[in-house]
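By convention in this document, chain letters (A, B, ...) are assigned in the order of the sequence lines, proteins followed by strands, and residues within each chain are numbered from 1.
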Number of protein chains: 2
Amino acid sequence: MPSYKLTYFNVRGYGEPARILFHLADVPFEDFRMTIGDGTWENLKAKTPFGQAPVLSVDGFEIPQSAAINRYLAKQFGYAGKTPEEQAWTDAIVDQYKDFMVSIKEVGKASAAGKSAEEVGKIIQSDLVPARDAFFVIINKILEKSKSGFLVGDGLTIADIVIVECITTLDKHQLFTASEQPKLVALREKVYAIPAIKKWVEIRPDTLN
Amino acid sequence: MPSYKLTYFNVRGYGEPARILFHLADVPFEDFRMTIGDGTWENLKAKTPFGQAPVLSVDGFEIPQSAAINRYLAKQFGYAGKTPEEQAWTDAIVDQYKDFMVSIKEVGKASAAGKSAEEVGKIIQSDLVPARDAFFVIINKILEKSKSGFLVGDGLTIADIVIVECITTLDKHQLFTASEQPKLVALREKVYAIPAIKKWVEIRPDTLN
């Protein structure tokens with residue numbers, strides 16, 4: 001078994017799907033969590049491959065970019081899709097999520113730039129909400145056609161994990177209305193009911209993002 | 001051999017790496033090019049999986065999202081990286097390109113929204129140029145460590161194709177200074193010297209994007 005270390009901040013965010021994959025596969029890993037502002041990241045940043053976190057170290061071999069990390073682990077642990085076609089759809093859903101995240105990042109940037117709560121609220125309404133709605137239409141369309149209740153094929157893939165974690169984050173920011181999204185709620189319940197995930201979700205650090 | 005059809009606009013953009021992969025593998029495909037504004041896309045949009053192009057059809061099975069399409073074809077044709085670790089790095093570079101493309105999209109959005117050339121120029125200088133420079137630092141760092149001159153391992157991958165096409169687009173917009181980027185120029189020459197790619201690049205439609 002290789003020695004795995006995931007370096008990320010003490011939030012779920014872009015690091016959580018990898019953590020879930022480790023717990024799901026019951027594979028030990030070092031869950032190295034940096035606290036924003038304590039200097040750890042400032043010292044480490046220049047030493048990472050792309051100056052970004054998360055970074056996954058596999059016996060010292062470093063992989064940057066969350067989607068690449070998630071796909072790498074999903075392939076090792078059997079959650080990347082069963083056929084080349086399932087893998088392509090798993091990838092496509094994750095890429096669509098990545099496109100949607102651009103709107104979330106804009107809100108984060110506005111907050112970090114010191115814009116007022118009112119201004120940030122306007123950006124949420126003008127940019128994030130329409131992007132979220134368009135994204136939810138796509139995910140709902142996929143779930144409508146699904147026989148298994150999962151997004152791709154007949155079992156869990158990294159696409160389900162990424163989408164469910166995204167819903168959880170939106171929910172924590174009061175940007176998810178469960179009563180309007182029964183299919184997404186059902187997906188979340190299905191994923192969080194998987195014993196190894198359920199166990200981790202119950203004990204993981206409860207962070208806003 | 002499956003029947004392949006790539007639906008995209010009459011630009012290189014997000015569709016060109018897939019076209020290059022087909023030419024490289026000498027695999028026939030329908031290169032279906034829509035002209036922006038002639039109504040074809042408007043009719044087709046709602047029928048595509050995510051309301052977006054490109055879409056790859058494989059015997060009628062549709063795959064959306066360019067990176068998912070490129071990875072699918074790269075795997076079929078042998079340009080996705082030779083080991084799981086090479087594949088992860090190929091993915092990471094493509095994801096980093098995708099992050100950089102957000103800045104390019106912002107410029108496109110500003111143009112489409114009818115902003116003046118002066119205003120668009122300001123966005124290019126304040127957003128795109130710093131993002132491009134940061135992106136080039138990362139790609140240069142990878143090339144400095146490369147023994148083969150390719151971005152990943154000892155041969156061509158989809159990462160090289162995506163990066164080289166991105167350079168070509170920046171160059172056509174006078175946003176690439178060859179004399180400042182000898183390593184990127186060398187990569188471009190190396191990729192465009194591959195006979196099947198060279199042949200295609202010489203005859204392909206010459207578009208700005």
Side-chain angles (χ1 to χ4, degrees), chain A residues 2 14 46-52 54-77 80-81 83-103 105-106 109 127 134-135 137-139 141-142 145 152 159, chain B residues 2 14 46-52 54-77 80-81 83-103 105-106 109 127 134-135 137-139 141-142 145 152 159:
Chain A
Y14 286 109
K47 292 174 203 150
T48 63
F50 291 176
Q52 293 168 349
V55 172
L56 176 70
S57 163
V58 185
D59 284 337
F61 178 82
E62 291 189 317
I63 302 169
Q65 277 285 0
S66 60
I69 293 169
N70 297 344
R71 190 176 300 108
Y72 175 84
L73 293 175
K75 277 194 272 189
Q76 308 280 323
F77 302 155
T83 63
E85 287 70 31
E86 282 192 15
Q87 286 165 19
W89 261 83
T90 304
D91 288 347
I93 293 166
V94 172
D95 277 329
Q96 200 68 22
Y97 152 80
K98 219 170 128 75
D99 286 351
F100 166 54
M101 284 304 289
V102 173
S103 312
K105 276 189 201 164
E106 286 303 312
K109 269 203 267 179
D127 290 8
F135 180 57
V137 166
I138 288 172
I139 302 299
K141 221 171 109 180
I142 298 170
K145 290 184 191 163
V152 182
Chain B
Y14 286 109
K47 292 174 203 150
T48 63
F50 292 176
Q52 293 166 351
V55 172
L56 176 70
S57 163
V58 184
D59 284 337
F61 177 82
E62 290 189 319
I63 301 169
Q65 277 284 359
S66 60
I69 293 170
N70 297 345
R71 191 176 299 107
Y72 176 83
L73 293 175
K75 277 193 272 190
Q76 309 279 324
F77 302 156
T83 63
E85 288 69 32
E86 281 191 16
Q87 286 164 18
W89 262 83
T90 304
D91 288 348
I93 293 166
V94 173
D95 277 330
Q96 200 67 23
Y97 153 82
K98 218 169 129 74
D99 286 350
F100 166 54
M101 284 304 289
V102 173
S103 312
K105 275 188 200 165
E106 284 306 311
K109 269 203 267 179
D127 291 7
F135 180 57
V137 166
I138 289 171
I139 303 300
K141 221 171 108 180
I142 299 169
K145 291 184 191 161
V152 182

(request) Would you mind checking which part of B/Q87 comes under 4.5 Å of any heavy atom in chain A, side chain (CB onward), backbone (N, CA, C, O), both or neither? (result) side chain
(request) Could you list the residues that satisfy side-chain hydrogen bond (donor to acceptor under 3.5 Å, both in side chains) with B/K141, not counting sequence neighbours? (result) none
(message) Show the nearest heavy-atom pair for residues B/Y72 and A/P84, with the distance to one decimal.
(response) CD1-O, 3.6 Å
(request) With sequence neighbours left out, write down each residue that passes side-chain contact (heavy atoms from CB on, under 4.5 Å) with B/D91, or none if nothing qualifies. (result) A/A68, A/R71, B/R71
(message) Taking 4.5 Å as the heavy-atom cut-off, does anything in residues 55-62 of chain A contact chain B, and if so which residues?
(response) A/F61, A/E62
(request) Return the minimal non-hydrogen interatomic distance between A/A92 and B/F50, and the atom names on each side. (result) O-CE1, 3.6 Å
(request) Check whether any side-chain heavy atom of B/D99 sits under 4.5 Å from a side-chain heavy atom of A/K98, and report yes or no. (result) yes
(request) Select one option (side chain, backbone, both, neither) describing which atoms of B/I142 are under 4.5 Å from chain A's heavy atoms. (result) side chain
(message) With a 4.5 angstrom heavy-atom cut-off, is it the side chain or the backbone of A/I63 that approaches chain B, or both, or neither?
(response) both
(request) Return the set of residues passing ring-ring contact (aromatic ring centres under 6.0 Å, His included) with B/F100 (not counting sequence neighbours), or none when no residue passes. (result) B/F135
(request) Look at B/K75, B/K105, B/E85 and state which one has the largest set of heavy-atom pairs under 4.5 Å with chain A. (result) B/E85
(message) Only pairs of heavy atoms separated by less than 4.5 Å count here; which of B/G51, B/A134, B/S66, B/P49 has the most with chain A?
(response) B/P49
